[in-house]
> 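After the C-alpha cells below, expect a handful of questions from me.
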Amino acid sequence: MPIQNPAALIVLAAGKGTRMQSDLPKVLHEIAGAPMLVHALLSARELDVARAVVVTGHGADAVEAAVETHAPYASCVRQDEQLGTGHAVQQAKDALDGFEGPAFILYGDTPFIQPPTLDAMANALSDADVVVLGFDAADPGRYGRLIEAQGVLGKIVEFKDATEEERAVTLCNSGVMACDAGLLFELLSEITNDNASGEYYLTDVPERASARGLTARVVRCDEAETMGVNSRPELAKANQIFQQLARAEAIENGTTLEAPDTIHFAYDTYLGRDAHIEPNVVFAPGVTVETGARIRAFSHLEGCHVSRGAIVGPYARLRPGAELSEDVRIGNFVEIKNAEIAEGAKVNHLSYIGDATLGAGTNIGAGTITCNYDGVLKHRTTIGERAFIGSNTMLVAPVSVGDEALTASGSVITRDVPKGALAVARAEQNNKPGLARKLMARLRAIKAKKGK
Ligand code: UD1
Ligand code: MG
C-alpha cells in the first residue's frame, strides 16, 4: 500500500568498523558497485522520503563526499563522539527541524532491509507510536532482545543488561525503528546512559513510550534482511547474497539468464522482460538493457543503454555513454565509449568507437578505430546514415563522414568526407613483377653464406 505521509530517514553511519581492517570507512565498502550506505538509503525507495539525514563520525569527510555523489538528496550531520545509537539519532534533530511525519532509523552497515519491510513498518504506525523491526534469530548472540507481550513491545533489553530469562528470548532487535519524528526526539531527550555500556541507547525508546502510556509494536522480517557487515568475510558474503537476490529477481521479472551464477549485477542494473543474457556477463553500474535485447557471452557493460533487438558481444565492452538504438549489432572485441549508435548500425569486429555518433544503418568494418584522443583533448567523430567504413579505417577526430559515404579499407581519414563520396586515404598499390621471387632468392643466398 502506498504511504501517505512523507517520511524522514536517519541513517547511522558514525561507527568505526575496526573489524573491516581497512582505511576506508566501513559504510563506504561497496556491494555490487555502490557503498553499503547507499544500499541502506535505497531500502527506503518505496517510501515517500521527504528528508534523509546521514549521521557521520569516523571518516566523516569521505562518508559525506560519498553521500554527495550517490545520494545528494540526503544531508549529513556529525556525531563527533560515538556515545551510542540514541545519541547518534539525536544529532539529526536540527536537520529535521520543521519536519512532521514518521522518521525511520536505519543503519549504514545493514544493506539488505527490503522496501516492503519498511512499508509494513509504515503501515504499522497507524496502530502504534513506535515500531521496531524484529526477527527470530537462529543464534540470538549479542543482539538486543525484544520483550513483547500480547502484541505490545514492552521494552528492548541489550544483551549486556539482560537477565538470563531475557537472554533466552529469540526475538531480536534489527536496530530499525520508526516513530513520529517529534515524539522520537522527545523520548530520546529522556534517556540516560545508565547501563552496562555507559551509552545512550536508542533501544530505550520503546520503554520510554510505554511509560507514557503509548504503544510500541514489533514488525517481523526474515533474519537475512538484518544482516550487518562488520568484516571482510561478511562483505564478501553480502556481495554473494546481493548477486543471488539480483539474479532471482531478474529471472522472476522475465529475463533469460542462461547461466545465472555467472552473471554479475550492479546495484542498479535494469534488464527488460525477455532480455537474453548469455553466460559470464558483467554489469557494472548504470546499465539498462531493454526488452528483447541479447547480451552475448563474456561482455562487460557499464553506464550504457541497450535498446530492443540489439545484440551485443560475445566479448564486447560497452563503456559509459554507450547508447545503442534498436537492432544495433556490436560484435566481438569491440569497445564503445560515449557514442550514440543509431538504429540498425553494425560494429561487428575488433573496433574502438569512442566520442562518436553513428547514423542509422551504417556499417563499420573490422578493425576500425576512432582516434579520439590527441594526448590532451578528446574529439568527436560523426558518421551519417548508411555509410560504409572500410576495414581498418582510422578516423582521426574531429572528423565527419556524410550519409552513404564510403571509406576505403586501411584509410587514415583526417578530413571530412562529403555525403555519398568515396574517400581513399592510403598509399597507392604498386606491383613489381617478379620482384618477390628475386628478393627471396637473394635473402636465401645471404643465409646460406652465413651458415657456412
Ligand atoms: C544495536 C542495538 C541492538 C541490536 C543491534 C542490531 C542499541 C543500543 N543496540 O547494537 O539492540 O540488536 O544493533 O545490529 O542500539 N552508531 C553510531 N553512533 C554511535 C553508535 C553506533 O552511528 O554512537 C552506528 C554504528 O555505526 C552502526 C549502528 O549505529 O551502524 C549500530 O551500532 P552498533 O554499535 O553496531 O550497535 P550494536 O551494539 O550492534
Ligand atoms: Mg552492531
Side-chain angles (χ1 to χ4, degrees), residues 9-20 24-29 35-41 43 53-60 63-64 67 76-92 104-113 130 132-148 153 155-162 166-167 169-177 179 184 187-188 191-208 216 218 220-221 223-231 234-235 238:
L9 303 180
I10 302 169
V11 183
L12 305 192
K16 193 160 187 193
T18 316
R19 283 191 282 151
M20 286 306 282
L24 190 69
K26 174 166 81 169
V27 293
L28 297 190
H29 281 268
M36 58 175 120
L37 171 68
V38 172
H39 288 263
L41 282 160
S43 64
V53 184
V54 178
V55 181
T56 66
H58 283 282
V63 176
E64 286 162 12
V67 169
C76 293
V77 296
R78 290 211 183 182
Q79 183 195 25
D80 293 321
E81 260 186 299
Q82 279 72 58
L83 303 179
T85 49
H87 178 258
V89 173
Q90 274 176 320
Q91 309 311 304
F104 287 75
I105 296 148
L106 302 166
Y107 290 175
D109 62 355
T110 307
F112 290 121
I113 304 290
V130 178
V132 171
L133 184 63
F135 62 101
D136 274 303
D139 171 15
R142 302 183 67 81
Y143 284 117
R145 306 297 205 268
L146 303 185
I147 310 300
E148 195 193 31
L153 175 64
K155 63 172 178 174
I156 306 177
V157 268
E158 287 307 297
F159 177 81
K160 279 191 190 170
D161 304 287
E166 288 166 337
R167 286 181 181 181
V169 171
T170 58
L171 181 61
C172 289
N173 176 29
S174 69
V176 181
M177 193 182 282
C179 177
L184 175 70
L187 296 174
L188 279 174
I191 68 173
T192 68
N193 63 352
D194 180 16
N195 53 50
S197 306
E199 289 185 359
Y200 294 90
Y201 290 163
L202 172 65
T203 46
D204 282 351
V205 163
E207 197 177 6
R208 299 312 324 151
V218 180
R220 287 167 168 75
C221 73
E223 180 166 7
E225 287 186 40
T226 69
M227 179 192 173
V229 178
N230 299 296
S231 62
E234 283 172 7
L235 180 66

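One-based numbering along the sequence shown. Atoms within each ligand, like the ligands themselves, are counted from 1 in listed order.
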> Run K160 and N195 through side-chain hydrogen bond (donor to acceptor under 3.5 Å, both in side chains) and show every step you take.
CA-CA 9 Å; K160 279 191 190 170; N195 53 50; over 6 Å; no
> Can you pull the salt bridge (Lys or Arg N to Asp or Glu O under 4.0 Å) pairs that have at least one residue in residues 199-208, sequence neighbours excluded?
E190-R208
> Report all protein residues having a heavy-atom distance below 4.0 Å to some atom of ligand 1; order the list by chain, then number.
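Correct list: L12, A13, A14, G15, Q79, Q82, L83, G84, T85, A88, Y107, D109, Y143, G144, E158, N173, S174, Y201, T203.
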> Treating E225 as the side-chain partner and C221 as the backbone partner, does any N or O pair qualify as donor plus acceptor under 3.5 Å?
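Side chain of E225 to backbone of C221, a donor-acceptor pair under 3.5 Å: no, none is there.
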> Taking E64 for the side chain and C76 for the main chain, is one N or O donor matched with an acceptor at less than 3.5 Å?
no
> Test V132 against every option in L171, V176, V205, L153 by the side chain to side chain contact (heavy atoms under 4.5 Å, CB included) rule and name the one that passes.
L153
> Measure the spacing between CZ of R145 and OG1 of T203 and express it to the nearest 0.5 Å.
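Rounded to the nearest 0.5 Å, the CZ-OG1 separation comes out at 12.5 Å.
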